[in-house]
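This one's a predicted model, so the numbers in the text were calculated from it and none came from an experiment.
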Amino acid sequence: MTAQPARRKGGGPGPASALDVPPFTPSLVKAVFRDVTPMHVSRPAAWAAASVTRTVLTAIVDGARRAAAEEARKKLTPRDLLSAIDRNVELEVGTEWYDHSPTFRGLTGVLYDAEGAVVPSRGRGGSRRPGAVAGAHRFEAGVRRLLRSRGARAVPALVRDLDGIASVFLTDLARDAAMAAREGGAGRFGTVALLAPGEPAPAPPLKDPLLSRSARRGDSRTIGGDDVLAAATIRLSGDLRQRALTEAREAAGRPGTQGAPAVLYTSPGA
């Protein structure tokens, strides 16, 4: 008899089930990358980007669940999203969406153009990155899968906000990954050391071939797993960044993803 893979008992949300299948598929990831760059996207890069986006959205949903639980509510609302972000600044990602969502109206301040006129909320940033906002609907199916995997339900307004945040975040991640591929990965961004708060940064272990590399692997025409990890270190911070990098390395290194490299990058001195 063929051995079956172990399944997590109970089927509820948790680390084991969260890493099984990404709610945001590699095909969706590649479509977003095509919106911002003509560069080729490797399979490891697509899996890593899908994983990073899942980790970020999972953290946001879990923060909103905790806020709703404090009020003995099961269905999540935009108010819970605001509470989650207010309690954890690491969750403040995809902020371009804030200017297009009624949830954040009044919280993003007033913008003025060069002539001193107020810029309407719906017009902010639209000319720079229309694809991220206009393409938010592509993420709805993945967001709903993610909510189900966390045992959560949400009102339609919150689903739309999660769609938008996911779309803008992944678009930003794609831009940063393309920049890393063009400009040399580790040669530009250095290496990352994951430390506890207040812990001094150690000297880099130069004997470790993964940490002592001075340049990214691959060519400058292809976005690889290294480049997505570099982009994640730019976009994220704190515990969320550490968790996203760890899970992305696992996702990109699975069989069938052509062995994504597990090198982490960030700006020197970070």
Side-chain angles (χ1 to χ4, degrees), residues 22-37 39 41 45-46 48-64 76 78 80-82 84-86 88-109 111 119-147 154 156-180 223 227-238 240-241 244 248:
F24 309 110
T25 64
S27 61
L28 172 59
V29 170
K30 289 188 175 184
V32 172
F33 273 70
R34 284 196 297 269
D35 288 342
V36 301
T37 178
M39 299 174 69
V41 181
S51 174
V52 170
T53 306
R54 174 196 57 214
T55 301
V56 169
L57 267 291
T58 297
I60 292 173
V61 168
D62 287 350
L76 309 184
D80 301 318
L81 172 62
L82 293 177
I85 295 172
D86 185 58
N88 185 358
V89 70
E90 295 176 14
L91 303 181
E92 193 171 314
V93 299
T95 54
E96 183 186 334
W97 175 256
Y98 296 2
D99 292 327
H100 299 267
S101 169
T103 298
F104 298 91
R105 192 161 296 159
L107 300 178
T108 54
L111 296 184
V119 178
S121 177
R122 64 180 178 275
R124 299 178 188 176
S127 61
R128 292 187 299 110
R129 302 180 187 176
V133 173
H137 65 279
R138 296 179 293 182
F139 288 78
E140 181 175 354
V143 164
R144 292 190 180 279
R145 283 196 297 270
L146 178 61
L147 286 166
L158 179 58
V159 173
R160 286 194 298 271
D161 278 330
L162 294 174
D163 297 345
I165 290 172
S167 181
V168 172
F169 173 76
L170 183 53
T171 299
D172 289 338
L173 192 74
R175 292 180 186 276
D176 290 340
M179 179 183 68
I223 297 173
D227 304 313
V228 172
L229 295 175
T233 65
I234 295 170
R235 285 286 151 190
L236 303 175
S237 62
L240 180 58
R241 180 173 71 176

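- Annotation: side chain of L147 is in contact with side chain of L162 (closest heavy-atom distance under 4.5 Å).
- Of all heavy-atom pairs spanning A244 and V52, the tightest one is O-CG2, 4.1 Å.
- Take D161 and apply the salt bridge (Lys or Arg N to Asp or Glu O under 4.0 Å) test, not counting sequence neighbours, and it matches no residue.
- The side-chain heavy atoms of L57 and F139, taken from C-beta on, include no pair separated by under 4.5 Å.
- By the side chain to side chain donor-acceptor pair (under 3.5 Å) test, R34 is found to be paired with no residue, residues two or more places apart in sequence or in another chain being considered.
- The main-chain N or O of V133 is never found under 3.5 Å from a side-chain atom of S167 such that the two would form a donor-acceptor pair.
- Considering all non-hydrogen atoms of both residues, A230 and T233 come closest at O-OG1, 2.6 Å.
- Across every non-hydrogen atom of L173 and A232, the tightest pair is CD1-N, 3.7 Å.
- Taking the salt bridge (Lys or Arg N to Asp or Glu O under 4.0 Å) definition, one finds that D86 meets it with nothing, sequence neighbours left out.
- Scored by the salt bridge (Lys or Arg N to Asp or Glu O under 4.0 Å) test, E140 finds R144 as partners (sequence neighbours excluded).
- With hydrogens and angles disregarded, a donor-acceptor distance shorter than 3.5 Å links the side chain of T55 to the backbone of S51.
- The CG atom of D80 sits 7.5 Å away from atom CG of L158, with the distance rounded to the nearest 0.5 Å.
- R175 CZ to D35 CG: the interatomic distance, rounded to the nearest 0.5 Å, is 9.0 Å.
- With hydrogens and angles disregarded, a donor-acceptor distance shorter than 3.5 Å links the side chain of T58 to the backbone of R54.
- Counting heavy atoms from C-beta on, the side chains of T171 and E96 never come closer than 4.5 Å.
- If you take CZ on F24 and CG on L170, they are separated by 8.5 Å, rounding to the nearest 0.5 Å.
- Residues V36 and A174 come closest through the heavy atom pair CG2-CB, 3.6 Å.
- Side-chain contact check for I165 versus L81: some heavy-atom pair is nearer than 4.5 Å.
- Nearest heavy-atom pair, A46 versus P26, reported as atom, atom and distance to 0.1 Å: CB-CB, 3.9 Å.
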**Prompt:** Where do V168 and Y98 land on the side chain to side chain contact (heavy atoms under 4.5 Å, CB included) test, with the steps shown first?
**Reply:** CA-CA 10 Å; V168 172; Y98 296 2; over 6 Å; no

**Request:** Kindly determine whether R138 and V32 satisfy side chain to side chain contact (heavy atoms under 4.5 Å, CB included), including the steps that lead there.
**Result:** CA-CA 10 Å; R138 296 179 293 182; V32 172; 3.8 Å; yes

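- Partners of T25 according to the side chain to side chain donor-acceptor pair (under 3.5 Å) rule, which considers only residues two or more places apart in sequence or in another chain, are S27.
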**Message:** Let's go through L240 and N88 carefully: what are the C-alpha distance in whole Å and the side-chain angles of both, what is the deciding distance for side chain to side chain contact (heavy atoms under 4.5 Å, CB included) to 0.1 Å, and is it a yes or a no?
**Reply:** CA-CA 10 Å; L240 180 58; N88 185 358; 6.0 Å; no

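- The structure places CD1 of I60 at 10.0 Å from CD of E92, a figure rounded to the nearest 0.5 Å.
- Taking each heavy atom of L76 and A64 in turn, the nearest pair found is CD2-O, 3.7 Å.
- A84 is linked by a side-chain contact (heavy atoms from CB on, under 4.5 Å) to L91, counting only residues two or more places apart in sequence or in another chain.
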**Asked** W97 and T103: side chain to side chain contact (heavy atoms under 4.5 Å, CB included), yes or no, with the steps?
**Response** CA-CA 10 Å; W97 175 256; T103 298; over 6 Å; no

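- One distance of note links OG1 of T53 with CZ of F169; it measures 5.5 Å at 0.5 Å rounding.
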